[in-house]
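The structure appears right after this line, and notes come after that.
Just so it is clear: chains get the letters A, B, ... in the order the sequence lines come, proteins before strands, and each one is counted from 1. Computed from a predicted model, the values in this text were never measured in an experiment.
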Number of protein chains: 2
Amino acid sequence: MDRFLSNTINRVDKKGRVSIPANFRTVLAGQSSIHIILSVDHPVAEAGGADFMEANLRRLSAMDPFSEEYEMWSFCLLGDADEIKVDTEGRIILTDHLRAHTGIEDEVAFVGRGHFFQLWEPKRFNLYREAAREKVRLMRRSLSSLGDSTSQSNSPASQAQPASSRAGASANLQMGNKEQDT
Amino acid sequence: MDRFLSNTINRVDKKGRVSIPANFRTVLAGQSSIHIILSVDHPVAEAGGADFMEANLRRLSAMDPFSEEYEMWSFCLLGDADEIKVDTEGRIILTDHLRAHTGIEDEVAFVGRGHFFQLWEPKRFNLYREAAREKVRLMRRSLSSLGDSTSQSNSPASQAQPASSRAGASANLQMGNKEQDT
DNA sequence: TGGGGTATCATGGGAAAATATGGTCGTCAA
DNA sequence: TTGACGACCATATTTTCCCATGATACCCCA
């Protein structure tokens, strides 16, 4: 298990602690803290281990340091970021501005996104999920009307290759910027 | 045997476990977990081994990582997916959101689809199957009216189903995209 | 070819391990 | 001193492992 998958809803206790789902913890492989940034697009926080942070910084370093783009990105990526300790039970304490940004109160939806995961307020998560599913439905429909190779009206799966070909496969599995595999 | 074929209905026990059909297990070749995604069109889950997951992700990696398209697909393919452990007896435990999406309660229809297989709630599976047959019948009819006027139903599959009477059936092709979840 | 024995399979249940969650008690700093 | 936080402990629930059973399919040999 080497990427964040699936979603779980966990409770926040009186002290503000939440358990990171066990399968996410195994991906984090015992790191004692996680890095969190706030999404600019949605009321959601995005988190991952050290490699997640590094990937973000690497993206930043590819920009012109005097551009406005750089200014804004670095502001959000660094200024609005957090490094949160994971306690001995695998829990984290949410910061105030994380709660404010996400609307999280007493429950958190942990949503795996590959090389990072998201923290949603559960109701918002469900809304967004519905919207995402609808969008995918529409996108696929318009795709198949183009005569997209083999794609018949199935799931994304309908396109999958026979099991072989795994050699090059893992190369770009991860999104955008990724560095560690395994 | 390297493809998932045919279909089987197995029971879910009190603890929520259900056996993966033995012939499917041989295709999985001893992998200790399976990957599952939820169909966006139907109340069905689609599952396979590691190669199934990789094939899906490969599809993702062809997209622009900053596009909305990518965002939506990856959300569904990763955030709404599951990696489920297979126990020593070859059983899995269905997650809550999988049950919510499929409507599965105490029985599961495993349906082979080649390089992956589906999990259906048996009644819905039957309805869908009816609807699918009807569609095929209609499509064939309109096709054959283009030229081959004589071709009448003699497919090996044409069984004793009174073709009509299932008027409502095709409507059900879409059923369930309004699943009520938690 | 028939019959008995054997392997495989779906299913069930008990017990141990893991997990999510709750609470207590010091410590350190404001 | 108070309040936040970390380490530590407690517990209910869930998951996993192990063993058992009835049923069926399969095979071998007389």
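Lys15(A) comes within 4.0 angstrom of a base, heavy atoms only. At a threshold of 4.0 angstrom between heavy atoms, the contacts of Arg91(B) include nucleobase atoms, whether or not backbone atoms are also involved. Backbone-only contact: Ile20(A) has heavy atoms under 4.0 Å from sugar-phosphate atoms and none from a base.
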Provide a list of protein-nucleic acid N or O atom pairs under 3.5 angstrom, restricted to nucleotides 5-7 of chain C.
none

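With Asn7(A) contributing its side chain and Phe110(A) its backbone, the two residues share no donor-acceptor pair below 3.5 Å. Side-chain atoms of Arg133(A) do not come within 3.5 Å of backbone N or O of Asp41(B) as any donor-acceptor pair.
Nucleotide dT14(D) holds its P atom 16 Å from the CD1 atom of Ile84(B), rounded to whole Å. Atom CG of Asp106(A) and atom C1' of dG22(C) are 15 Å apart (whole Å). Put simply, CZ on Arg17(A) is 14 Å from P on dA4(D), counting in whole angstrom units. Between the CG atom of Asp13(A) and the P atom of dC5(D) there is a distance of 12 Å, rounded to whole Å. As a whole-Å value, the separation of Leu94(B) CG from dT15(D) P is 11 Å. One can place CG of Asn23(A) at 13 Å from C1' of dT15(D), the figure rounded to the nearest angstrom. To the nearest angstrom, P of dC9(C) lies 15 Å from CZ of Phe110(B). One interatomic measurement links the two molecules: CZ of Phe24(B) to C1' of dT8(C), which rounds to 17 Å at whole-angstrom precision.
Residues Leu38(B) and Ala45(B) approach most closely at CD2-CB, 4.0 Å, considering heavy atoms.
Remark: Lys85(B) is in phosphate contact with dT16(D), judged by side-chain N or O atoms under 4.0 Å from OP1 or OP2. Note on Arg25(B): a side-chain N or O is less than 4.0 Å away from OP1 or OP2 of dA10(C). When the side-chain nitrogen and oxygen atoms of Arg11(A) are compared with OP1 and OP2 of dG22(C), one or more of them lie within a distance under 4.0 Å.
Considering only the side chain of Pro21(B), dA10(C) comes nearest among dC17(D), dA10(C), dG23(C). The side chain of Lys14(A) approaches dG22(C) more closely than any other nucleotide in the set dG22(C), dG12(C), dT19(C).
In this structure, the separation between CG on Leu77(A) and CG on Leu60(A) is 6.0 Å, given to the nearest 0.5 Å.
Residues Val111(A) and Phe125(A) are in side-chain contact: their nearest non-hydrogen atoms beyond the backbone lie under 4.5 Å apart.
For the pair Glu89(B) and Ile93(A), nearest-nucleotide mapping onto DNA chain D gives the more 5' position to Ile93(A).
When Arg124(A), Arg99(A), Arg11(A), Lys123(A) are each tested for a salt bridge (charged side-chain N to carboxylate O under 4.0 Å, His left out) with Glu107(A), only one passes: Arg11(A).
The pair Glu68(B)-Lys135(A) meets the salt-bridge criterion, with a side-chain N (NZ, NE, NH1 or NH2) lying under 4.0 Å from an Asp/Glu carboxylate O.
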